[in-house]
Amino acid sequence: MKICRNAILHLCLLGLIIQTAPAQIDPTRINIARDRWGVPHIFAKTDAEVAYGLAWAHAEDDFKTTQLTLLGAKGMLGRYLGKQGATIDYVVGLIRAREQAQRDYPAKFSADYRAVMSGYCQGINAYALAHPKEVLVRGSFPVSEIDLIGGFILSNASFSGIDRALTSVLNGTMPRAPKTAVAHTLNNQSPNTHLPEPRTINYPLTGGSNGIALNSKRTTDGQTYLAINSHQPLEGPVAWYEAHLCSEEGWNILGGLFPGAATILHGVNENLGWAHTVNYHDKMDVYELTLNPANKNEYWFDGKWVPLEVRSVKLRIKGIPVAIRKKAYWCEYGPAMVTKTGAFAMRYAGLFETRTGEQWYRMNKARNYTEFYQALQMTAIPMGFNIVYADRNDTIMYLTNGKIPRRDPAFDWQQTLPGNTSKTLWTNFHPIEAMPQVVNPRSGYVFNSNNTPFHCTDLAESPKPKDFDPTMGIERFELNRSMRMGELMASGKPLSYEAFKQIKYDLQLPQKLSYRTDVNPLFALKPADYPEVSSLIETLNNWDRKADTTSRGAAVFVVACMHLKDILQKAGGSPYRPLTAAECMQGLQLTKAYLLKYFGTTDLPLGRVQRHTRGSISLPCAGIPDVLAAMDSKQTKTGELRADQGESYIELVRFRKDALPEIETVNAYGASNHADSPHYTDQMTMFVNQQTKKMTLNKEQVLKDAKRVYHPGK
């Protein structure tokens, strides 16, 4: 029998499609076990099935926020949030996020991680199909692997500082490129000196995250300790969700993730764990372009006029019946903006990296330090998250993680760059081995609190600035949290586990304040010189610099910080300077008026002013900006300050060589984002009382204690 050539080709293509199509997952092979706190523990034979279960469980608890993340990745957020969402949709088009994902998928992704992404997509799509009334935007499902990758690409851009760069370009405040190039070096500066920092920093008084690891040299019981303590918003698309993922393919990890992530982003598996903190090395470069006066779609580059690519980004905005089109430009450097005040391009490492999710998956599956470091060598998490690591073999490590380009030292990379020469067009990156890092220091501890990597353990053993490329723009500042860590670890004595926990929950400012804006002038005021606010000055002068709920000094300080931040923003200019006496006086006047208006007195404890609130529950909340147990808060209509960002998901781990790690965790509210769920607020009291819940990676124990075990959809 003869078969025509076209038929043979058709059969071959059909066979290829069958071989490469993702396996359809049977949800009855997946078990979701909910513990007494509602935390999901996902059990299945394969990693892909676990990812399906994670997507389903997270959607049960917070489908809305997960959708917002995915809508952003799809460029469809404007259809739900209106103009605010359309801004993000425009950025997706500007940076060509979806084109990047389509360019690299599936070729640059391993088969096992493709299966995980497919499983997650199947799970979230199944939930959407079963709950159509919960879908926010018609046509937003099904979700694909391209959407998951696009979400990471958008996050890479955001963490690299593209939002602030675009704002500066659009409002005409982006500095012009200097006419002459000047080499920029920090090698001779003290690591304790506050210097102008890369464009990614925008918090003059606040910010936070801690990671702490101690090996047996510094623990009284010979175990290895790890504190995972990221300071994130308590709600929203970057609030932590806790989950336990366990397959028969070697995936067994408990930790935190953001909506739309198919893996744990920081946590602990059977052998090792890690904490993330944000770092501030130079992640993004901005270039000034010279446009051709005769043709605005050309710019000068390497001695000739070259085309500036122009595309139209189609935006659908809620409330507007027709699509709106906005121009998006692209040049040799990457995305560009053309405004009346100039043309500027942006370049950051995330433009060239789509495998971010896969690196986290490799970190999840690592069984020892060697495998974990191999995952880090991908340098596929370009947004710049420090890593504080510990494992059962008594290994601890600090690493300034990120993807940093190799730059020409002839240029000052902290300024706007000339966009007319390939000399400023970097294409290669430093390997992970070139980044500041410390493994098993003699001091027995490593930490990071968003401070300089040149103080990540005892100063004598910390990396030295002279050993690193100055064009990396590595941060040089100390913060109150890092200074306080230095004070607490100075004795060199081994610590008990309880003493370790006390350090993690410490509420004391250091002896010398080290805010990015120097607030020490606030404490130099004399009551007699300012009779109008003398009582507030006396309260601050008598304050022991602790931020517990009974502290009256902390109450005055936190309200003053709120007003001083507004004063600094209105003043403009660099926040890296001391407050003036006039600014201090103005801040205290506003503080007095505020406290009298909303509370009827200026003499009240922090716990009366700052509250941890959700639904009908309102609890006194400790913490102020930049203590180790930090908390930042926002004003409410009643004048109370609602805890907003800081202490959030906390995971404390003790490693032993002969057993599973001992784990304690707590989240700010609970496992569910539904007001009618008992897990909407059931961890709040523990949270404010600095208490934790016991967790385990032991499957048998989880199933024995589970309150409910079910299959997705059942």
Side-chain angles (χ1 to χ4, degrees), residues 34-35 37-42 54-55 57-66 68-69 120 151-152 155 158-159 207-212 226-245 253-269 273-278 356-357 360 363-364 381 383 385-388 448-450 504-505 612 614 621 623 628-632 643-653 663-674 677 679-684 686-688 690-693 695:
R34 297 279 185 171
D35 62 24
W37 303 102
V39 175
H41 303 252
I42 319 298
L54 170 63
H58 202 168
E60 286 181 318
D61 292 326
D62 194 4
F63 189 40
K64 180 178 180 179
T65 308
T66 301
L68 293 177
T69 299
Y120 186 91
F152 281 117
S155 293
S158 178
F159 275 99
S209 281
N210 304 312
I212 311 169
L226 175 65
I228 301 170
N229 185 206
S230 171
H231 292 169
Q232 289 295 117
L234 305 191
E235 296 181 292
V238 288
W240 291 112
Y241 178 74
E242 183 177 27
H244 173 201
L245 313 179
I253 188 167
L254 172 76
L257 62 128
F258 296 151
T263 70
I264 297 299
L265 301 185
H266 68 180
V268 57
N269 66 26
W274 71 96
H276 278 314
T277 65
V278 173
T356 302
W360 262 309
M363 293 160 67
N364 276 227
I381 303 177
M383 62 271 279
F385 291 153
N386 297 304
I387 292 173
V388 174
N448 184 264
S449 296
N450 307 107
K504 180 261 152 298
Y505 279 116
H612 186 45
R614 193 180 224 195
C621 186
L628 281 169
M631 186 57 70
D632 199 7
D644 176 67
Q645 177 172 339
E647 292 280 272
S648 51
Y649 177 65
I650 298 166
E651 187 167 13
L652 304 175
V653 186
I663 307 169
E664 300 177 46
T665 72
V666 69
N667 216 338
Y669 298 117
S672 174
N673 208 30
H674 296 293
S677 168
H679 306 302
Y680 186 61
T681 57
D682 60 347
Q683 296 184 49
M684 289 178 65
M686 282 194 303
F687 181 78
V688 298
Q690 298 187 342
Q691 298 170 339
T692 55
K693 60 187 189 293
M695 300 294 284

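Here the structure is a predicted model, which means the values were calculated and not measured.
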Could you walk me through whether Thr665 and Lys693 satisfy the side-chain contact (heavy atoms from CB on, under 4.5 Å) test, starting with their C-alpha distance in whole Å, then the side-chain angles of each, then the deciding distance to 0.1 Å, before giving a yes or no? CA-CA 5 Å; Thr665 72; Lys693 60 187 189 293; 2.8 Å; yes

Candidate pair Asn450 and His231, rule side-chain contact (heavy atoms from CB on, under 4.5 Å), full reasoning: CA-CA 10 Å; Asn450 307 107; His231 292 169; 5.7 Å; no

Applying side-chain contact (heavy atoms from CB on, under 4.5 Å) to Ile387 and Met363, what does each step give before you reach the verdict? CA-CA 11 Å; Ile387 292 173; Met363 293 160 67; 4.0 Å; yes

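With Arg34 as the fixed residue, the side chain to side chain donor-acceptor pair (under 3.5 Å) test singles out one of His41, His679, Glu60: Glu60. Of the listed residues (Tyr241, Tyr649, Trp240), just one forms a ring-ring contact (aromatic ring centres under 6.0 Å, His included) with Phe258, and that residue is Trp240.
Looking at Val388 and Trp274, their side chains never come closer than 4.5 Å, going by heavy atoms from C-beta outward.
With sequence neighbours excluded, the residues satisfying side-chain contact (heavy atoms from CB on, under 4.5 Å) with Ala59 are Phe63, Ile124, Tyr127.
At a cut-off of 3.5 Å, with distance as the only test, a side-chain donor of Asn386 or Thr277 sits close to an acceptor on the other residue.
Taken from CH2 in Trp37 to CG in Asn667, the straight-line distance is 12.0 Å, to the nearest 0.5 Å. Rounded to the nearest 0.5 angstrom, Leu234 CG and Ser648 OG are separated by 6.5 Å.
Leu254 and Glu651 make their closest contact through O-OE2, 3.0 Å (heavy atoms, listed as atom of the first residue, atom of the second, distance). The minimum heavy-atom distance linking Ser230 with His276 is given by the pair CB-O, 4.1 Å.
Ionic pairing of Lys504 and Glu647 is present here: one or more N-O contacts between side-chain nitrogen and carboxylate oxygen are shorter than 4.0 angstrom.
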